[in-house]
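Take a look at the structure set out below.
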Amino acid sequence: DFTEYDCKFPSCSSEYVVFENGGYIYKYNVKTGAVDKVTIYLSDDDIYSRTEYRSGMNPSDFSLSPDGKRLLAVVRGDVFSLPAEEGPVYNISRSPESHERGARWSPDGKRVAWISDAGGEYQIYVAPSDNMTNATCLTNFSNGYPDRLTWSPDGTRLYFSTEKRDVYELNADTKALVRILVSNLGAYNSFTLSPDGAWAAYTTQLANKVSALFLFDVAARKSYQVTDRWYDASSPVFSRDGKYLFFTSGRSLQAQYSSVEWNVSYDVSDYVFIVPLAKDTPNPLTLTSDEYSATDSDKAASDKPGDKKDQAPSVTKVDIDGIGQRISTLPLEAGSYRLLLADNDKLYYTRYGNSRGGSNDDAVKAFDLKTLKDRDGFSGMPLAFTASCKKALVRTGGKYKVISLAGGNAGKGGFVPTGDIDMMVNHEAEWQQIFDESWRITRDYFYVDNMHGVDWDHIHDKYAQLVPYVRHRDDLTYLIGEM
(Lines give C-alpha, C1' and ligand atoms only; values in the text may rest on other atoms or scores of the structure.)
Protein backbone atom coordinates (compact mmCIF):
# COMPACT_ATOMS: atom_id res chain seq x y z
CA ASP A 1 0.00 0.00 0.00
CA PHE A 2 2.32 2.72 -1.30
CA THR A 3 0.78 6.18 -1.69
CA GLU A 4 3.73 8.59 -1.70
CA TYR A 5 6.05 7.30 -4.43
CA ASP A 6 5.53 5.19 -7.54
CA CYS A 7 6.56 1.55 -7.59
CA LYS A 8 9.10 1.14 -10.37
CA PHE A 9 11.41 -1.33 -12.11
CA PRO A 10 9.61 -4.56 -11.15
CA SER A 11 11.28 -7.91 -11.67
CA CYS A 12 9.81 -11.28 -10.72
CA SER A 13 10.54 -14.88 -9.93
CA SER A 14 8.09 -17.68 -9.22
CA GLU A 15 7.73 -16.49 -5.60
CA TYR A 16 8.60 -12.81 -5.44
CA VAL A 17 8.23 -9.51 -7.24
CA VAL A 18 10.99 -7.05 -6.42
CA PHE A 19 10.64 -3.32 -7.13
CA GLU A 20 11.90 0.11 -6.15
CA ASN A 21 9.91 2.69 -4.20
CA GLY A 22 11.21 5.95 -2.81
CA GLY A 23 14.81 4.87 -3.24
CA TYR A 24 14.40 1.53 -1.44
CA ILE A 25 14.14 -2.01 -2.78
CA TYR A 26 11.14 -4.12 -1.71
CA LYS A 27 10.12 -7.71 -2.32
CA TYR A 28 6.51 -8.79 -2.61
CA ASN A 29 5.54 -12.37 -1.77
CA VAL A 30 3.02 -13.43 -4.41
CA LYS A 31 1.64 -16.18 -2.14
CA THR A 32 1.22 -14.35 1.15
CA GLY A 33 0.97 -10.76 -0.10
CA ALA A 34 3.61 -9.65 2.39
CA VAL A 35 5.94 -6.79 1.43
CA ASP A 36 9.40 -6.55 3.01
CA LYS A 37 12.08 -3.91 2.61
CA VAL A 38 15.37 -5.38 1.40
CA THR A 39 18.37 -4.11 3.35
CA ILE A 40 21.32 -3.53 1.04
CA TYR A 41 24.83 -2.50 2.06
CA LEU A 42 27.16 -0.99 -0.54
CA SER A 43 30.77 0.05 -0.06
CA ASP A 44 31.53 2.99 -2.31
CA ASP A 45 34.19 5.69 -2.50
CA ASP A 46 31.68 8.20 -3.94
CA ILE A 47 34.17 9.15 -6.62
CA TYR A 48 31.48 10.85 -8.72
CA SER A 49 30.07 13.02 -5.95
CA ARG A 50 32.99 14.12 -3.84
CA THR A 51 34.50 17.59 -4.20
CA GLU A 52 37.12 17.80 -6.93
CA TYR A 53 39.51 20.32 -8.46
CA ARG A 54 38.91 21.44 -12.04
CA SER A 55 40.60 23.95 -14.35
CA GLY A 56 40.36 25.27 -17.88
CA MET A 57 36.57 25.51 -17.95
CA ASN A 58 34.75 27.56 -20.57
CA PRO A 59 33.36 30.95 -19.45
CA SER A 60 30.16 32.60 -20.67
CA ASP A 61 27.95 35.66 -20.09
CA PHE A 62 30.66 38.33 -20.38
CA SER A 63 30.88 41.97 -19.29
CA LEU A 64 33.82 44.32 -19.89
CA SER A 65 35.14 46.92 -17.46
CA PRO A 66 34.97 50.51 -18.77
CA ASP A 67 38.68 50.52 -19.67
CA GLY A 68 38.58 47.02 -21.12
CA LYS A 69 41.38 45.78 -18.87
CA ARG A 70 39.26 43.20 -17.05
CA LEU A 71 36.11 41.24 -17.77
CA LEU A 72 33.47 39.43 -15.78
CA ALA A 73 32.35 35.95 -16.80
CA VAL A 74 30.25 33.15 -15.35
CA VAL A 75 31.62 29.63 -14.90
CA ARG A 76 29.46 26.91 -13.33
CA GLY A 77 27.30 29.56 -11.68
CA ASP A 78 30.24 31.47 -10.16
CA VAL A 79 31.34 34.98 -11.19
CA PHE A 80 34.98 35.25 -12.25
CA SER A 81 37.09 38.33 -12.91
CA LEU A 82 39.68 37.84 -15.66
CA PRO A 83 42.37 40.12 -17.06
CA ALA A 84 42.32 41.10 -20.70
CA GLU A 85 45.85 39.76 -21.09
CA GLU A 86 48.00 39.52 -17.97
CA GLY A 87 47.13 39.21 -14.30
CA PRO A 88 45.43 36.90 -11.83
CA VAL A 89 42.02 35.27 -12.29
CA TYR A 90 39.63 35.67 -9.35
CA ASN A 91 36.64 33.57 -8.40
CA ILE A 92 34.63 36.41 -6.91
CA SER A 93 31.52 34.63 -5.68
CA ARG A 94 32.74 31.12 -4.68
CA SER A 95 29.16 29.94 -4.21
CA PRO A 96 28.47 26.33 -5.25
CA GLU A 97 25.21 26.46 -3.30
CA SER A 98 23.80 29.29 -5.45
CA HIS A 99 23.59 30.25 -9.11
CA GLU A 100 24.96 33.65 -10.16
CA ARG A 101 23.99 35.01 -13.59
CA GLY A 102 24.28 38.13 -15.72
CA ALA A 103 27.09 39.96 -13.92
CA ARG A 104 27.33 43.47 -15.41
CA TRP A 105 29.84 46.25 -14.81
CA SER A 106 28.30 49.70 -14.33
CA PRO A 107 29.24 52.27 -17.01
CA ASP A 108 31.50 54.15 -14.57
CA GLY A 109 33.09 50.91 -13.36
CA LYS A 110 32.35 51.57 -9.69
CA ARG A 111 29.71 48.87 -9.21
CA VAL A 112 28.79 45.42 -10.41
CA ALA A 113 25.24 44.07 -10.61
CA TRP A 114 24.21 40.45 -10.99
CA ILE A 115 21.38 37.97 -10.43
CA SER A 116 21.62 35.30 -7.73
CA ASP A 117 19.39 32.79 -5.94
CA ALA A 118 21.55 32.81 -2.80
CA GLY A 119 18.48 33.66 -0.70
CA GLY A 120 16.31 30.91 -2.18
CA GLU A 121 14.73 33.02 -4.95
CA TYR A 122 16.40 34.98 -7.71
CA GLN A 123 17.15 38.58 -6.70
CA ILE A 124 19.16 41.50 -8.10
CA TYR A 125 22.37 42.27 -6.21
CA VAL A 126 24.83 45.14 -6.50
CA ALA A 127 28.26 45.60 -4.93
CA PRO A 128 31.37 47.78 -5.24
CA SER A 129 33.46 46.48 -8.11
CA ASP A 130 36.48 46.15 -5.83
CA ASN A 131 34.61 44.31 -3.07
CA MET A 132 31.83 42.06 -4.32
CA THR A 133 31.56 40.39 -0.92
CA ASN A 134 29.95 43.63 0.30
CA ALA A 135 26.80 43.00 -1.74
CA THR A 136 23.40 44.62 -1.33
CA CYS A 137 20.20 42.86 -2.36
CA LEU A 138 18.00 45.33 -4.24
CA THR A 139 14.85 43.23 -4.68
CA ASN A 140 12.55 41.01 -2.68
CA PHE A 141 10.90 38.67 -5.19
CA SER A 142 8.94 35.72 -3.83
CA ASN A 143 9.15 33.96 -7.21
CA GLY A 144 10.16 34.61 -10.78
CA TYR A 145 13.12 34.47 -13.13
CA PRO A 146 14.67 37.90 -13.78
CA ASP A 147 16.95 38.00 -16.80
CA ARG A 148 18.66 40.29 -19.38
CA LEU A 149 20.11 42.64 -16.79
CA THR A 150 21.47 45.93 -18.15
CA TRP A 151 22.60 49.27 -16.70
CA SER A 152 21.32 52.68 -17.71
CA PRO A 153 24.04 54.85 -19.32
CA ASP A 154 24.30 57.04 -16.21
CA GLY A 155 24.73 54.02 -13.93
CA THR A 156 21.81 54.83 -11.63
CA ARG A 157 19.20 52.34 -12.87
CA LEU A 158 19.00 48.72 -13.87
CA TYR A 159 16.61 47.19 -16.40
CA PHE A 160 15.62 43.55 -16.66
CA SER A 161 12.82 41.30 -17.89
CA THR A 162 11.03 38.43 -16.17
CA GLU A 163 9.48 35.10 -17.11
CA LYS A 164 6.13 36.90 -17.27
CA ARG A 165 7.65 38.87 -20.18
CA ASP A 166 7.44 42.20 -18.36
CA VAL A 167 10.23 44.80 -18.14
CA TYR A 168 11.29 46.42 -14.85
CA GLU A 169 13.28 49.52 -13.93
CA LEU A 170 15.25 49.28 -10.68
CA ASN A 171 16.93 52.24 -8.98
CA ALA A 172 20.34 50.99 -7.87
CA ASP A 173 20.53 53.60 -5.10
CA THR A 174 17.03 53.70 -3.59
CA LYS A 175 15.89 50.15 -4.52
CA ALA A 176 12.73 51.63 -6.08
CA LEU A 177 11.26 49.04 -8.46
CA VAL A 178 8.82 49.94 -11.25
CA ARG A 179 7.29 47.67 -13.87
CA ILE A 180 7.51 49.87 -16.94
CA LEU A 181 6.26 47.45 -19.61
CA VAL A 182 3.49 44.91 -19.11
CA SER A 183 3.12 42.12 -21.63
CA ASN A 184 -0.28 41.40 -23.12
CA LEU A 185 0.75 39.19 -26.04
CA GLY A 186 4.43 38.40 -26.57
CA ALA A 187 7.72 39.10 -24.88
CA TYR A 188 9.61 42.38 -25.13
CA ASN A 189 12.67 41.48 -27.17
CA SER A 190 15.93 43.33 -27.80
CA PHE A 191 15.23 46.01 -25.18
CA THR A 192 17.98 48.56 -25.76
CA LEU A 193 18.55 52.07 -24.39
CA SER A 194 19.54 55.21 -26.24
CA PRO A 195 22.99 56.71 -25.40
CA ASP A 196 21.45 59.17 -22.93
CA GLY A 197 19.01 56.62 -21.47
CA ALA A 198 15.99 58.81 -22.27
CA TRP A 199 14.55 56.39 -24.82
CA ALA A 200 14.44 52.68 -25.36
CA ALA A 201 13.70 50.53 -28.38
CA TYR A 202 12.23 47.05 -28.36
CA THR A 203 10.22 44.64 -30.48
CA THR A 204 7.12 42.78 -29.43
CA GLN A 205 4.34 40.79 -30.99
CA LEU A 206 1.15 42.39 -32.25
CA ALA A 207 -2.30 40.79 -32.23
CA ASN A 208 -1.69 39.34 -35.72
CA LYS A 209 1.51 37.55 -34.50
CA VAL A 210 3.80 39.98 -36.35
CA SER A 211 6.68 41.50 -34.37
CA ALA A 212 6.76 45.31 -34.54
CA LEU A 213 9.38 47.87 -33.49
CA PHE A 214 8.50 50.32 -30.71
CA LEU A 215 10.14 53.37 -29.14
CA PHE A 216 9.65 53.89 -25.42
CA ASP A 217 9.85 57.26 -23.67
CA VAL A 218 11.48 56.28 -20.38
CA ALA A 219 10.43 59.39 -18.43
CA ALA A 220 6.86 59.51 -19.76
CA ARG A 221 6.46 55.70 -19.60
CA LYS A 222 4.87 55.70 -23.05
CA SER A 223 5.44 53.48 -26.09
CA TYR A 224 5.15 54.44 -29.75
CA GLN A 225 4.84 51.95 -32.59
CA VAL A 226 7.39 52.61 -35.35
CA THR A 227 6.84 49.82 -37.89
CA ASP A 228 3.59 48.54 -39.34
CA ARG A 229 1.79 45.25 -38.82
CA TRP A 230 2.85 43.58 -42.05
CA TYR A 231 6.46 42.52 -41.54
CA ASP A 232 8.47 41.24 -38.55
CA ALA A 233 11.01 43.69 -37.13
CA SER A 234 14.00 42.83 -34.94
CA SER A 235 17.49 43.76 -33.72
CA PRO A 236 17.08 47.51 -32.93
CA VAL A 237 20.29 49.49 -32.36
CA PHE A 238 20.70 53.21 -31.54
CA SER A 239 23.60 55.10 -33.06
CA ARG A 240 26.08 56.34 -30.46
CA ASP A 241 25.28 59.97 -31.32
CA GLY A 242 21.57 59.38 -30.62
CA LYS A 243 20.50 60.46 -34.09
CA TYR A 244 19.52 57.20 -35.75
CA LEU A 245 17.83 53.91 -35.01
CA PHE A 246 18.70 50.83 -37.04
CA PHE A 247 16.71 47.60 -37.23
CA THR A 248 16.13 44.57 -39.43
CA SER A 249 12.86 43.40 -40.95
CA GLY A 250 11.90 40.26 -42.84
CA ARG A 251 10.65 41.69 -46.13
CA SER A 252 12.34 39.52 -48.73
CA LEU A 253 10.35 36.44 -49.75
CA GLN A 254 12.16 34.22 -52.21
CA ALA A 255 10.03 31.51 -53.84
CA GLN A 256 11.48 28.17 -54.85
CA TYR A 257 10.16 24.75 -55.67
CA SER A 258 10.42 22.15 -52.94
CA SER A 259 12.81 19.27 -53.59
CA VAL A 260 10.43 16.87 -51.83
CA GLU A 261 7.09 17.63 -53.42
CA TRP A 262 5.83 19.62 -56.41
CA ASN A 263 5.06 22.69 -54.39
CA VAL A 264 6.43 26.15 -53.82
CA SER A 265 8.22 27.15 -50.62
CA TYR A 266 9.53 30.49 -49.39
CA ASP A 267 12.70 31.69 -47.70
CA VAL A 268 12.22 34.84 -45.63
CA SER A 269 15.23 37.16 -45.44
CA ASP A 270 15.84 40.48 -43.72
CA TYR A 271 16.76 43.92 -44.94
CA VAL A 272 18.48 46.52 -42.75
CA PHE A 273 16.68 49.82 -42.14
CA ILE A 274 17.62 53.24 -40.77
CA VAL A 275 15.35 55.76 -39.03
CA PRO A 276 16.39 59.40 -38.46
CA LEU A 277 14.86 59.98 -35.02
CA ALA A 278 14.41 63.74 -35.40
CA LYS A 279 12.82 65.51 -38.34
CA ASP A 280 15.84 67.76 -38.82
CA THR A 281 18.33 64.87 -38.80
CA PRO A 282 19.60 64.30 -42.35
CA ASN A 283 18.97 60.95 -43.93
CA PRO A 284 22.28 59.44 -45.14
CA LEU A 285 20.46 57.89 -48.10
CA THR A 286 19.24 61.21 -49.47
CA LEU A 287 20.53 61.82 -53.01
CA THR A 288 23.32 64.39 -53.08
CA SER A 289 24.83 66.52 -55.84
CA ASP A 290 28.19 68.31 -55.90
CA GLU A 291 27.51 72.01 -56.52
CA TYR A 292 29.82 75.01 -56.27
CA SER A 293 29.16 77.78 -53.76
CA ALA A 294 31.47 80.63 -52.90
CA THR A 295 30.58 80.31 -49.21
CA ASP A 296 31.66 76.66 -49.22
CA SER A 297 35.28 77.64 -49.74
CA ASP A 298 35.27 79.92 -46.71
CA LYS A 299 33.61 77.24 -44.62
CA ALA A 300 36.10 74.59 -45.71
CA ALA A 301 39.00 76.84 -44.79
CA SER A 302 37.73 77.32 -41.27
CA ASP A 303 36.64 73.72 -40.72
CA LYS A 304 40.00 72.36 -39.62
CA PRO A 305 40.83 69.63 -37.11
CA GLY A 306 41.27 71.20 -33.73
CA ASP A 307 38.72 73.94 -34.31
CA LYS A 308 35.94 71.80 -32.89
CA LYS A 309 35.49 71.70 -29.16
CA ASP A 310 34.74 68.58 -27.20
CA GLN A 311 31.13 67.74 -27.72
CA ALA A 312 28.73 67.27 -24.85
CA PRO A 313 27.21 63.83 -24.29
CA SER A 314 24.74 62.94 -27.01
CA VAL A 315 21.12 63.84 -26.38
CA THR A 316 18.57 61.70 -28.17
CA LYS A 317 15.95 63.87 -29.84
CA VAL A 318 12.89 62.01 -31.09
CA ASP A 319 10.06 63.38 -33.22
CA ILE A 320 7.34 60.75 -33.15
CA ASP A 321 5.18 62.54 -35.70
CA GLY A 322 5.82 60.97 -39.10
CA ILE A 323 8.59 58.69 -37.86
CA GLY A 324 7.33 55.76 -39.93
CA GLN A 325 7.70 57.86 -43.08
CA ARG A 326 11.39 58.45 -42.33
CA ILE A 327 12.32 54.77 -42.52
CA SER A 328 14.76 53.93 -45.33
CA THR A 329 16.38 50.70 -46.49
CA LEU A 330 20.16 50.48 -46.43
CA PRO A 331 21.70 49.22 -49.70
CA LEU A 332 22.59 45.80 -48.31
CA GLU A 333 21.43 42.57 -49.90
CA ALA A 334 18.82 40.46 -48.17
CA GLY A 335 20.03 38.04 -45.52
CA SER A 336 19.84 37.25 -41.83
CA TYR A 337 21.52 40.05 -39.89
CA ARG A 338 22.59 40.71 -36.34
CA LEU A 339 23.19 44.42 -35.73
CA LEU A 340 25.96 45.05 -33.20
CA LEU A 341 26.93 48.71 -32.94
CA ALA A 342 26.48 52.06 -34.69
CA ASP A 343 29.28 54.54 -34.06
CA ASN A 344 31.30 57.12 -36.00
CA ASP A 345 29.01 56.91 -39.05
CA LYS A 346 29.46 53.14 -39.27
CA LEU A 347 27.05 50.29 -38.61
CA TYR A 348 28.72 47.07 -37.49
CA TYR A 349 26.88 43.83 -38.15
CA THR A 350 27.21 40.13 -38.86
CA ARG A 351 25.36 38.33 -41.60
CA TYR A 352 24.12 34.76 -41.35
CA GLY A 353 23.79 33.38 -44.88
CA ASN A 354 21.16 34.44 -47.37
CA SER A 355 18.14 33.59 -45.23
CA ARG A 356 17.12 33.18 -41.63
CA GLY A 357 18.89 30.24 -40.07
CA GLY A 358 21.74 30.34 -42.61
CA SER A 359 25.37 29.75 -41.70
CA ASN A 360 27.50 32.54 -40.26
CA ASP A 361 30.74 33.56 -41.93
CA ASP A 362 32.11 34.68 -38.51
CA ALA A 363 33.11 38.09 -39.90
CA VAL A 364 31.98 41.50 -38.70
CA LYS A 365 31.17 43.98 -41.44
CA ALA A 366 31.03 47.77 -41.23
CA PHE A 367 28.58 49.77 -43.35
CA ASP A 368 29.78 53.35 -43.91
CA LEU A 369 26.91 55.84 -43.79
CA LYS A 370 28.97 58.39 -45.75
CA THR A 371 30.06 56.25 -48.66
CA LEU A 372 27.08 53.84 -48.42
CA LYS A 373 29.46 50.91 -48.83
CA ASP A 374 30.35 48.08 -46.54
CA ARG A 375 33.77 46.66 -45.76
CA ASP A 376 35.39 44.36 -43.26
CA GLY A 377 34.86 45.65 -39.72
CA PHE A 378 36.97 43.74 -37.21
CA SER A 379 37.88 40.09 -36.90
CA GLY A 380 36.39 37.83 -34.27
CA MET A 381 32.86 37.39 -33.02
CA PRO A 382 31.98 40.18 -30.51
CA LEU A 383 30.67 39.05 -27.13
CA ALA A 384 30.74 42.32 -25.13
CA PHE A 385 31.60 46.00 -25.53
CA THR A 386 32.94 48.56 -23.10
CA ALA A 387 30.53 51.33 -22.04
CA SER A 388 32.22 53.73 -24.47
CA CYS A 389 32.17 51.09 -27.25
CA LYS A 390 35.86 51.74 -27.87
CA LYS A 391 36.85 48.15 -27.09
CA ALA A 392 35.22 44.77 -27.55
CA LEU A 393 35.68 41.25 -26.31
CA VAL A 394 35.77 38.90 -29.29
CA ARG A 395 36.04 35.17 -29.75
CA THR A 396 38.42 34.02 -32.44
CA GLY A 397 39.78 30.55 -33.04
CA GLY A 398 38.18 29.28 -29.85
CA LYS A 399 40.00 31.92 -27.75
CA TYR A 400 38.98 35.27 -26.29
CA LYS A 401 40.62 38.63 -26.87
CA VAL A 402 39.93 42.28 -26.01
CA ILE A 403 40.51 44.47 -29.04
CA SER A 404 40.36 48.16 -29.81
CA LEU A 405 37.72 48.94 -32.41
CA ALA A 406 40.04 51.57 -33.84
CA GLY A 407 42.54 48.83 -34.72
CA GLY A 408 40.04 46.06 -35.19
CA ASN A 409 42.61 43.28 -35.60
CA ALA A 410 42.17 40.29 -33.31
CA GLY A 411 45.61 39.05 -34.32
CA LYS A 412 47.46 41.60 -32.17
CA GLY A 413 48.02 41.37 -28.42
CA GLY A 414 47.50 38.52 -26.01
CA PHE A 415 44.46 36.40 -25.26
CA VAL A 416 42.32 36.30 -22.14
CA PRO A 417 43.91 33.61 -19.89
CA THR A 418 40.85 31.36 -19.63
CA GLY A 419 43.19 28.46 -18.96
CA ASP A 420 43.84 29.97 -15.51
CA ILE A 421 40.19 29.50 -14.50
CA ASP A 422 40.07 26.91 -11.75
CA MET A 423 37.78 26.01 -8.87
CA MET A 424 36.84 23.36 -6.36
CA VAL A 425 33.65 21.75 -7.62
CA ASN A 426 31.31 20.84 -4.77
CA HIS A 427 28.95 18.45 -6.53
CA GLU A 428 26.57 17.92 -3.63
CA ALA A 429 26.02 21.66 -3.12
CA GLU A 430 25.54 22.17 -6.86
CA TRP A 431 23.07 19.30 -7.14
CA GLN A 432 20.92 20.70 -4.35
CA GLN A 433 20.86 24.08 -6.12
CA ILE A 434 20.04 22.48 -9.48
CA PHE A 435 17.18 20.52 -7.93
CA ASP A 436 15.70 23.59 -6.25
CA GLU A 437 16.04 25.72 -9.37
CA SER A 438 14.39 23.05 -11.52
CA TRP A 439 11.46 23.04 -9.12
CA ARG A 440 11.23 26.86 -9.22
CA ILE A 441 11.46 27.05 -13.02
CA THR A 442 8.58 24.59 -13.36
CA ARG A 443 6.58 26.64 -10.85
CA ASP A 444 7.30 29.97 -12.55
CA TYR A 445 6.88 28.89 -16.17
CA PHE A 446 3.92 26.53 -15.85
CA TYR A 447 1.11 27.81 -18.04
CA VAL A 448 -1.50 27.97 -15.25
CA ASP A 449 -0.91 29.29 -11.75
CA ASN A 450 -2.77 26.52 -9.94
CA MET A 451 -0.41 23.80 -11.27
CA HIS A 452 -3.48 21.71 -12.18
CA GLY A 453 -4.33 21.48 -8.50
CA VAL A 454 -1.01 19.88 -7.55
CA ASP A 455 0.47 20.88 -4.19
CA TRP A 456 3.80 21.93 -5.68
CA ASP A 457 5.36 22.75 -2.32
CA HIS A 458 4.62 19.21 -1.15
CA ILE A 459 6.11 17.81 -4.36
CA HIS A 460 9.32 19.70 -3.65
CA ASP A 461 9.60 18.39 -0.11
CA LYS A 462 8.67 14.89 -1.22
CA TYR A 463 11.62 14.58 -3.61
CA ALA A 464 14.04 16.97 -1.90
CA GLN A 465 14.55 14.44 0.89
CA LEU A 466 16.09 12.11 -1.70
CA VAL A 467 18.69 14.65 -2.95
CA PRO A 468 21.22 13.85 -0.16
CA TYR A 469 21.39 10.29 -1.51
CA VAL A 470 22.31 11.38 -5.05
CA ARG A 471 25.79 10.13 -5.89
CA HIS A 472 25.96 10.74 -9.64
CA ARG A 473 24.74 13.48 -11.98
CA ASP A 474 22.55 10.92 -13.76
CA ASP A 475 20.84 10.20 -10.43
CA LEU A 476 19.93 13.88 -10.15
CA THR A 477 18.54 13.94 -13.69
CA TYR A 478 16.38 10.93 -12.88
CA LEU A 479 15.16 12.48 -9.62
CA ILE A 480 14.20 15.74 -11.31
CA GLY A 481 12.37 13.74 -13.98
CA GLU A 482 10.41 11.93 -11.28
CA MET A 483 9.52 15.24 -9.62
Side-chain angles (χ1 to χ4, degrees), residues 1-58 60 75-78 95-99 101 117-122 143 145 163 422-483:
D1 187 16
F2 297 97
T3 59
E4 193 68 9
Y5 299 98
D6 294 331
C7 295
K8 308 197 69 176
F9 311 112
S11 180
C12 64
S13 67
S14 59
E15 298 183 8
Y16 297 98
V17 177
V18 293
F19 58 92
E20 179 267 338
N21 181 273
Y24 293 101
I25 302 298
Y26 293 86
K27 66 177 183 179
Y28 171 72
N29 191 312
V30 297
K31 295 181 180 179
T32 65
V35 178
D36 298 313
K37 182 186 293 185
V38 179
T39 301
I40 299 175
Y41 296 96
L42 294 175
S43 298
D44 186 42
D45 293 333
D46 295 336
I47 60 174
Y48 298 110
S49 62
R50 60 191 179 192
T51 300
E52 62 174 315
Y53 170 81
R54 288 189 184 179
S55 62
M57 293 166 288
N58 291 325
S60 62
V75 180
R76 292 186 74 95
D78 280 4
S95 53
E97 70 285 345
S98 62
H99 184 189
R101 301 183 288 113
D117 64 352
E121 297 286 347
Y122 275 121
N143 53 54
Y145 198 89
E163 84 290 348
D422 62 352
M423 64 190 305
M424 297 299 296
V425 178
N426 186 333
H427 290 292
E428 293 186 5
E430 286 187 353
W431 292 342
Q432 182 64 60
Q433 189 281 327
I434 293 171
F435 176 86
D436 291 337
E437 183 172 5
S438 299
W439 176 84
R440 295 199 312 267
I441 288 175
T442 305
R443 175 200 63 188
D444 296 335
Y445 282 91
F446 203 70
Y447 74 102
V448 288
D449 293 336
N450 68 355
M451 303 293 292
H452 284 183
V454 173
D455 186 346
W456 197 236
D457 291 334
H458 171 72
I459 294 295
H460 173 273
D461 298 340
K462 171 181 174 178
Y463 289 97
Q465 59 185 321
L466 301 179
V467 175
Y469 300 100
V470 170
R471 288 295 176 265
H472 191 279
R473 182 60 178 82
D474 290 347
D475 295 342
L476 179 66
T477 300
Y478 170 76
L479 187 61
I480 293 173
E482 288 297 288
M483 178 178 65

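What's counted below: heavy atoms across the whole structure, side chains too, no hydrogens, waters or symmetry copies. Residues: numbered from 1 along the sequence shown.
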Stepwise ring-ring contact (aromatic ring centres under 6.0 Å, His included) test for Tyr24 and Phe2: CA-CA 12 Å; Tyr24 293 101; Phe2 297 97; over 10 Å; no
If the condition is ring-ring contact (aromatic ring centres under 6.0 Å, His included), which residues does Phe446 pass it with, not counting sequence neighbours? His452
Fit a plane to each ring of Tyr478 and Phe9, take the angle between them on a 0 to 90° scale, and name the class: parallel (under 30°), tilted (30 to 60°) or perpendicular (over 60°). tilted
For residues Asp444 and Glu163, report the shortest heavy-atom separation together with the two atoms involved. O-CG, 3.6 Å
Using ring-ring contact (aromatic ring centres under 6.0 Å, His included) as the criterion, list what pairs up with His427, not counting sequence neighbours. Trp431
Would you kindly say whether Glu20 and Tyr5 are connected by a side-chain donor-acceptor distance under 3.5 Å? no
Just how far is it from atom NE2 of His460 to atom OG of Ser438, taken to the nearest 0.5 Å? 10.0 Å
For Ser98 and Ala118 the tightest heavy-atom approach is CB-CA, 3.6 Å
What heavy-atom pair brings Val38 and Tyr26 nearest, and what distance separates the two atoms? CG2-C, 4.2 Å
side-chain contact (heavy atoms from CB on, under 4.5 Å) involving Thr477 - partner list, sequence neighbours excluded: Arg473
Could you grab the distance from atom CZ of Arg76 to atom CD of Glu430, nearest 0.5 Å is fine? 4.0 Å
Drop me the distance from Tyr28's OH to Asp36's CG, to the nearest 0.5 angstrom. 12.0 Å
With salt bridge (Lys or Arg N to Asp or Glu O under 4.0 Å) as the test, would you mind laying out the steps for Arg471 and Asp46 before giving the verdict? CA-CA 6 Å; Arg471 288 295 176 265; Asp46 295 336; 3.5 Å; yes
Asp78 (side chain) donor-acceptor with Ser95 (main chain) under 3.5 angstrom: yes
To the closest 0.5 Å, what do you measure between OH (Tyr463) and CD (Glu4)? 8.0 Å
Please report the closest heavy-atom contact between Gly22 and Leu466, naming both atoms and the distance. O-CD2, 3.7 Å
Give me the atom names and distance for the closest heavy-atom approach of Ser14 to Val30. O-CG2, 3.7 Å
Pair Ile459, Met483 - check side-chain contact (heavy atoms from CB on, under 4.5 Å), show working. CA-CA 7 Å; Ile459 294 295; Met483 178 178 65; 3.6 Å; yes
Any non-hydrogen side-chain atom of Trp439 less than 4.5 Å from a side-chain atom of Asp457? yes
OH (Tyr145) and CG (Asp117) are apart, to the nearest 0.5 Å, by 9.0 Å
Distance (rounded to the nearest 0.5 Å) between Asp422 CG and Arg54 CZ: 13.0 Å
Partners passing side-chain contact (heavy atoms from CB on, under 4.5 Å) against Val467 (at least two apart in sequence or in another chain): Gln432, Phe435, Leu479
Within 6.0 angstrom of Tyr445 OH, more than 12 heavy atoms from elsewhere: yes
I'd like to know whether Met423 forms a side-chain contact (heavy atoms from CB on, under 4.5 Å) with Val425, so could you lay out the CA-CA distance, the side-chain angles of the two residues, the decisive distance to 0.1 Å, and finally the verdict. CA-CA 6 Å; Met423 64 190 305; Val425 178; 4.1 Å; yes
Where do Arg440 and Asp436 land on the side-chain contact (heavy atoms from CB on, under 4.5 Å) test, with the steps shown first? CA-CA 6 Å; Arg440 295 199 312 267; Asp436 291 337; 4.1 Å; yes
Hits for salt bridge (charged side-chain N to carboxylate O under 4.0 Å, His left out) against Arg443, two or more places apart or cross-chain, chain-then-number order -> Glu121
Minimum heavy-atom separation for Arg50 and Asp45, please, with both atom names. NH1-O, 3.4 Å
Determine whether Trp456 and Thr442 satisfy the following criterion, side-chain contact (heavy atoms from CB on, under 4.5 Å), listing intermediate values before the conclusion. CA-CA 9 Å; Trp456 197 236; Thr442 305; 3.6 Å; yes
Evaluate the side-chain proximity of Glu437 to Ile441: yes if any heavy-atom separation is below 4.5 Å, no if none is. yes
Listed by chain and number, what are the side-chain contact (heavy atoms from CB on, under 4.5 Å) partners of Lys31, not counting sequence neighbours? Asn29
